[in-house]
Amino acid sequence: MLLSKSREDPAVSVFREYIRLKTVHPEPDYDGALKFLGRISEELGLPMKKIEVCPGRVVAIMTWTGTNPSLKSVLLNSHTDVVPVYQEQWKYDAFAAVKDAEGNIYGRGTQDMKCVTIQYIEAIRRLKAAGKRFPRTIHLTFVPDEEVGGHKGMESFINHPEFKKLNVGFALDEGLANPTEAFTVFYGERNPWWITIRCPGSPGHGSRFVENTAAEKLRRIINSFLAFREREKQRLDTSECFTLGDVTTVNMTMVHGGVAYNVIPAEMDVSFDLRIPPTVDLQEFEEQIKAWCAEAGEGITYEFAQKFMQQNTTSTEDNNPWWKAFSSTCKALNMTLEKEIFPAATDSRFIRAVGLPAIGFSPMNRTPILLHDHNEFLNEEVFLRGITVYERLLPVLTAVPAQSGEE
Ligand SMILES: CSCC[C@H](NC(C)=O)C(=O)O
Ligand SMILES: [Zn+2]
Ligand SMILES: [Zn+2]
C-alpha cells in the first residue's frame, strides 16, 4: 500500500510526541515521561516496573520475557532527560517537533536520545506484531539524569538490587550521529575528570609588587595545563587514524578569586574539564598533575568534582559473541561501522564499570552531529531506517547462544 505524502508513519508521530514532552533540565517533566512510557507499555503489552533510585528519580523498566528467561538478557538503555536550549537561536520551537519539507524533525532530543528510545520501542512493536519470540529476554530501561552526570540515574540504578535481577549480558546505549554514509559505534569512553586547583598566595595592597601571589601560581598552572592541551591537539591534528576519543582534551572552564580591584587575593582557583582516553595510565597522569602543582609554587592543592577511574572497554573482536552478533547484522544490512572511543561520558560507563559489555550506537548516518547544539534535528527517513536496524539486531542479539556460565 502506498502511503500518501501527507500520511505520517505512526512511529514518526510517536517520536514527535515524545520530543514535545519537556524533559528538559533543570526541571525535567519526568512524570510526563513516565506517563507516556506507561501508555506505550500498555500498547506493547509489556509490563513496566518503576524503581525510585533516588527521591524523585525513577527508572522505568519494560520487559519482553524470552522463551529461555534463565539466559542473560539484552538491555536497551536510554535516558529520558535532555539538555536546555537557547530558544532564540533556534529556527523553530525546540519542543514543537516541527517537521520541514525535507522531513527534518527539529527538537531537543531528536538526536540525544529520544530517537533511540522510540526506535527501540517501534522495533519491538513491529516484532511483536509479527508474532516473534526470542530466547533471551529484552529489558528496556528509561533512566533520568544522564545529562547531569547520571549520579541519581544510572549510577544509582547499577548498584540497586533491581539491576542485578535484570541479569544483563549485553547492553546497547546511545552513540553519535555520523555525517557520512557510515555509522559510528562506541566500545569505550574517555574518563571525565573535573578538577579545581587552588592557588593560595600572599595578600596585600594592589599598588605593590607583592611576592608569591596567587595569580603568579595560577598563571603557571594554567600554562602547564594549556601547554599539555596544545601537545594533545597536535597529536590529534597530525595523526590520520586518531579521533577525539584517542587523545586527552583539557579545557579551562572556570576561574574564581579576588574580592576587590585593589586587594591582592589570598587565593585564586582554576577548574579544568579533562577527558582521558582508556589507554592512559591514570595513576601516572595524576602524578603529572601533582608535578605541575609542585612546580607552580607552594601550598597548591587540588580536588576533583568528578574523577571516573574505571577504564573498561568492550571487545570488538569476533570472539565476543555479542559484538559478532551486532557487527554481522550490520554487515548484512550493508552498514559500514566506524569504531571509536566516545569523547564525552554516557551512562555506558556505569554499565561497563560493572564488567558488562556495552556498545554506544545511535543509528543516524548522513546526519550532522548536533547533540546539545542549536537546531538539533533528525530526518524522518534516517529515523525510520534506524527502526529497521533494531528490528534486525534484536532477533540476532537475543539468539546469541548460551555462553559458559549461563544456564
Ligand atoms: C561527566 S558527567 C557529564 C556527562 C556529559 N555527557 C554528555 C553526553 O554530554 C559529559 O560528558 O559532560
Ligand atoms: Zn545522551
Ligand atoms: Zn547529551
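Atoms within a ligand are numbered from 1 in the order they appear, just like the ligands themselves.
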If the plane angle is over 60° it's perpendicular, under 30° parallel, otherwise tilted; pick one for F304 and Y302.
perpendicular
Which N, O or S atom of H79 lies nearest to the Zn ion (ligand 2), by name:
NE2
Please determine, by modelled atom types, if W194 and D273 share a side-chain donor-acceptor pair under 3.5 angstrom.
yes
Suppose we measure from atom 11 (O) of ligand 1 to each protein heavy atom; which comes out shortest, and what is that distance?
R275 NH1, 2.7 Å
Please give the atom name: the N, O or S atom of H372 nearest to the Zn ion (ligand 3).
NE2
Can E381 and R385 be counted as an ion pair, charged N to O under 4.0 angstrom?
no
Should the proximity of R349 to ligand 1, defined as any heavy atom under 4.0 Å, be assigned to the side chain, the backbone, both, or neither?
side chain
If we only count N/O pairs under 3.5 Å, is F342 in contact with ligand 1?
no
Looking at A344, which atoms of ligand 1 are within less than 4.0 Å of one of its heavy atoms?
11 (O)
At less than 4.0 angstrom from any non-hydrogen atom of H372, what atoms of ligand 1 do you find?
9 (O)
Measuring centre to centre across the rings, with the benzene-like ring taken for any Trp, is F228 within less than 6.0 Å of F285?
yes
Could you verify whether a donor N or O on one side chain and an acceptor N or O on the other, from N251 and R229, lie under 3.5 Å apart?
yes
If only side-chain N and O atoms count, and only distance matters, is there a donor-acceptor pair under 3.5 Å linking H139 with N167?
no
Here the N/O/S atom of E174 closest to the Zn ion (ligand 2) would be OE1
Nearest to the Zn ion (ligand 3), which N, O or S atom of D112 do we find?
OD2
Can you find an N/O atom of W194 closer than 3.5 Å to an N/O atom of ligand 1?
no
Assign the ring pair F361 / F326 to parallel, tilted or perpendicular, where the plane angle (0 to 90°) is split at 30° and 60°.
perpendicular
Please determine if the Zn ion (ligand 2) has an N/O/S atom from E147 lying under 2.8 Å away.
no
Between R220 and W292, is there a side-chain heavy-atom distance shorter than 4.5 Å?
no
Pick from P192, G149, A345, A305: the one approaching atom 7 (C) of ligand 1 most closely through a non-hydrogen atom
A345
